[in-house]
Every structure is written in C-alpha cells, then in structure tokens.
**Student:** 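Please see the structure below; I have some questions.
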Number of protein chains: 2
Amino acid sequence: MKKENKTQYVLLGLLNIHPQSGYDLKNNIQKTVGYFWSESYGQIYPTLAQLEKVGLVSKTVQKSGRQRQIYSITAKGRKILKQWLQTPITLPKIRNELLLKVFFASSIPTEVSIKHIAAYMEQTQQLHGILKQIEKIILQHPQYNPKKPYNLLTVQFGILATGAEMTWCKQALKKLQSI
Amino acid sequence: MKKENKTQYVLLGLLNIHPQSGYDLKNNIQKTVGYFWSESYGQIYPTLAQLEKVGLVSKTVQKSGRQRQIYSITAKGRKILKQWLQTPITLPKIRNELLLKVFFASSIPTEVSIKHIAAYMEQTQQLHGILKQIEKIILQHPQYNPKKPYNLLTVQFGILATGAEMTWCKQALKKLQSI
DNA sequence: ACGTACATGTAAATGGTTACATGATTGA
DNA sequence: TCAATCATGTAACCATTTACATGTACGT
C-alpha cells in the first residue's frame, strides 16, 4: 500500500472510532466528512482488502443475522494512522467548473453566467444551511467536549467557506445584472 | 473525445483568446486560471492531438526560428466551446487533507493540529496576497472593460474564499491554543 | 409478494500525475 | 561552453468513477 493514497487514512480514521463494514464506512464518510471528502465503493472495498493484507485492519464475519464483513483497526493500523496525521498537509487541488465558465464567458450572453452563478448560490446556500444545523446540534449535544473541538472546527470551516461563496455570488450577480 | 472531459474546454477557451503552443497553454493556464484550475503536459499534449483529430483545433508549425507547434481554434471548436459554456455547472468535488487531519486529531497532540493549521494559513495568506495584487492590476489596467468583468470576478472569488479560510484559521488557532 | 434498503464486490473506462526521454535555443 | 529554459512528447503508474453483477433481509 503506497504511502500517498489517502483513501486508506479515511478508512483507518473511521475504523479507529469503531469497527464497521465497508458499507457502513461509505455511509459514515458521507455523514461525518462528506462536506470535504468522499469515497466510492470502488475505492473502499479494494482498499479494505489491501489494508487487511498488510495487517492494518482485521476482518471478522458477523455471526448473527446477515454475513457482514466487519473491519477493525489493528495496533499497527493505529500507529500508521497517527503517523500520517502528523505529516505536513498540502493545499487542496481545486477544479472549479463555475469559475472556468465565468472566466471564458466573454463570448456568450451575460444571462448564461447569471444563471450559472444563481444555481451555484442555491446549492451552496443549501449546504450552508445544513452545516449550520449540524453546528447547532454539536454545540447542544450534552457530550460535546470543548477540549476536542475537531468535528466542530471542520463544520465551522464549511460554514465560513460557503458563506464567503454566497457573498461572492451576490456581488457577482449584482454586477452582472447591472450590465 | 468524450463530452465530459474538461481539459479540452480549458484548452479551447485559451486558444479562443489567441493561438499558442502546448507549452504556452501550460503556462497560461497557470497564469490565468491557475488559482482554480491546473493541467499537466500529460493531459495537454494528448488532448491537443485529439482535438486536432476531431477538427476542433488546427495545428501549424512555426516557420521562423524554433519549430513550435502552434494550435488555433476552428469554427467548429468555437461552437463546441460555446455550447459547453452554456451547460449547467456542477459543484466542485473537494478533498481537503487539512480538514481530514483535523477531524481525526483527537488521538494526537493538539500542537500537531496547530502546526497544520498555521501552515495552511501561511500558504493561504500568500495566495490571498497574490490575488489582491492581481485584482489591483486588473482594475488599474486602462483597457479594463466593466462590461466584461469575468476575469476580475474569478479573482474576487479567490480573494473572498481565501479570506474566509484565513478567518477560520485564526479562530481555530485561538481555540486550540486555549486548550 | 414486493419494494426498499442492506451488502459486497469487480471490471472497464476514465482521469490525471510523474518520471523519463530528447533535443533546440538563448544568454552569460 | 555551460546552464537555464524552451519545447514536445510518451509510458507507467496511480486514482477514481461508473456500471454491472449478485444476492439478502426486512417491513408492509
């Protein structure tokens, strides 16, 4: 397993919270880090198999009911996870299709750009609302521990980021509508 | 050439401004849309060949001096570009390694997260500064046309986005340092 | 009995980076 | 003449999505 492949670390990170199946992992990635990370089954299942082969996770087949493949992180897996958590971060590589279309928009009608930006704003607004709700839930949760604000911090990142994007959309729409 | 592949549209978009070589395209992508889009030679050269094969661009070999392969957009290419510019946008797929490391940070020392966020802030701050300078240059440019503010708009998106990230970094650092 | 969600995977295709190979031109 | 940068490309590899295949369990 190559060091750079990040899929494995999301899986290890979630398995470090509690053992679960590939199916659970897919859902939990969406629920917990879905705003800034995603994985498909085509990545998850092969990566789990690979992680098991090198001993970073172990598999047990659920006895009762359905034959679910439950994965647990091993001591070795925890070590590798912690190591990765401490390696320097790199800036995310973004590829924003809206901005590309806006940048090259000189040869098409202004209304098209307006429509694109409006659509972007709507979708961003929706995400912003969801993140605000999540923030509220975290803060109201009786077990919220201010010494471990990591989940809250990532949600707040999303709130600020989407907020800025909405601000830009409003500005951009105003400017384009005045043309 | 598949419709969904976006590399071709950046190339068409830039060739629509003026004819240039693959090497130029690489540099110009960086200079113009580099903040939110990038391409490697491994994508550019094969895509140019493909675009020529289907008649969206044409190639002429520079006569004088170096034998540069200069590509121009064709009428058909312009048509395809315009069509794409009008198709609905999709939200960018982000994968933020910093947030992943912060999210899973409960099992490692707080100082590690602080270091990560500080590094992120520094890099973001630098980009923010560059974008502010570009904005100033655009606005001061005598040929700036307020009826075609597309370049300015993308730069301003970057300024607002990086600004929000810097705000978050400061908040997050303050919170973590108080633990 | 039927639909929905649970559940696990694989194969093919696509997307994208990196390393390599090669050589020309320019300026100090 | 040497280094830098201009310039074009390919091959190998890595990353990722999508479509497909297959079947189970649960609630109504």
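As the structure is a prediction and not an experimental result, all values here were calculated from the model. Within every chain, numbering begins at 1; the chains are lettered A, B, ... in the order of the sequence lines, protein sequences first and strands thereafter.
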**Student:** When the distance from CD of E52(A) to P of dT8(C) is rounded to whole Å, what number comes out?
**Tutor:** 13 Å

**Student:** Counting side-chain heavy atoms from C-beta on, which of dT17(D), dA7(C), dT17(C) comes nearest to K93(A)?
**Tutor:** dT17(C)

**Student:** For K26(B) and S40(B), which I'm curious about, is there any donor-acceptor pair between the side chains at under 3.5 Å?
**Tutor:** no

**Student:** Quick one: N27(A) CG to dA7(C) C1', roughly how many Å, whole number?
**Tutor:** 10 Å

**Student:** Where each residue is assigned the nucleotide of DNA chain D containing its nearest heavy atom, which of Y41(A) and D24(B) is assigned the position nearer the 5′ end?
**Tutor:**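 The residue mapped nearer the 5' terminus is D24(B).
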
**Student:** Can you tell me which nucleotide in dT18(C), dG9(C), dA15(D) comes closest to the side chain of S40(B)?
**Tutor:** dT18(C)

**Student:** Quick one: W37(B) CH2 to dT17(C) P, roughly how many Å, whole number?
**Tutor:** 10 Å

**Student:** With no hydrogens and no angle check, do the side chains of N96(B) and Y120(B) hold a donor and an acceptor under 3.5 Å apart?
**Tutor:**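 Yes.
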
**Student:** Picking from dT10(C), dG16(C), dT18(D), which would you name as closest to the side chain of Q43(B)?
**Tutor:**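 Within the option list, the nearest is dG16(C).
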
**Student:** Contact class for G22(B) (heavy atom, under 4.0 Å): base, sugar-phosphate, or nothing?
**Tutor:**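 Sugar-phosphate: the residue G22(B), judged by heavy atoms under 4.0 Å, touches backbone atoms but no base.
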
**Student:** What is the distance, rounded to the nearest whole Å, between atom NZ of K6(A) and atom C1' of dG16(C)?
**Tutor:** 13 Å

**Student:** Round to the nearest Å and state the distance from Y23(A) atom OH to dT10(C) atom P.
**Tutor:**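 The answer, rounded to whole Å, is 18 Å.
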
**Student:** Between K6(B) and E97(A), is there a salt bridge with N-O shorter than 4.0 Å?
**Tutor:**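 Judged by the 4.0 Å cut-off on N to carboxylate O distance, E97(A) and K6(B) do form a salt bridge.
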
**Student:** What integer distance in Å separates R95(A):CZ from dG15(C):P?
**Tutor:**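 Result: 10 Å.
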
**Student:** If I take atom CG in residue L25(A) and atom P in nucleotide dT8(C), what distance separates them, rounded to the nearest angstrom?
**Tutor:** 9 Å

**Student:** Would E52(A) and S58(A) count as having a side-chain donor-acceptor pair, cut-off 3.5 Å?
**Tutor:** no

**Student:** Could you check which of dT8(C), dG9(D), dG16(C) has an atom nearest any side-chain atom of Y45(B)?
**Tutor:** dG9(D)

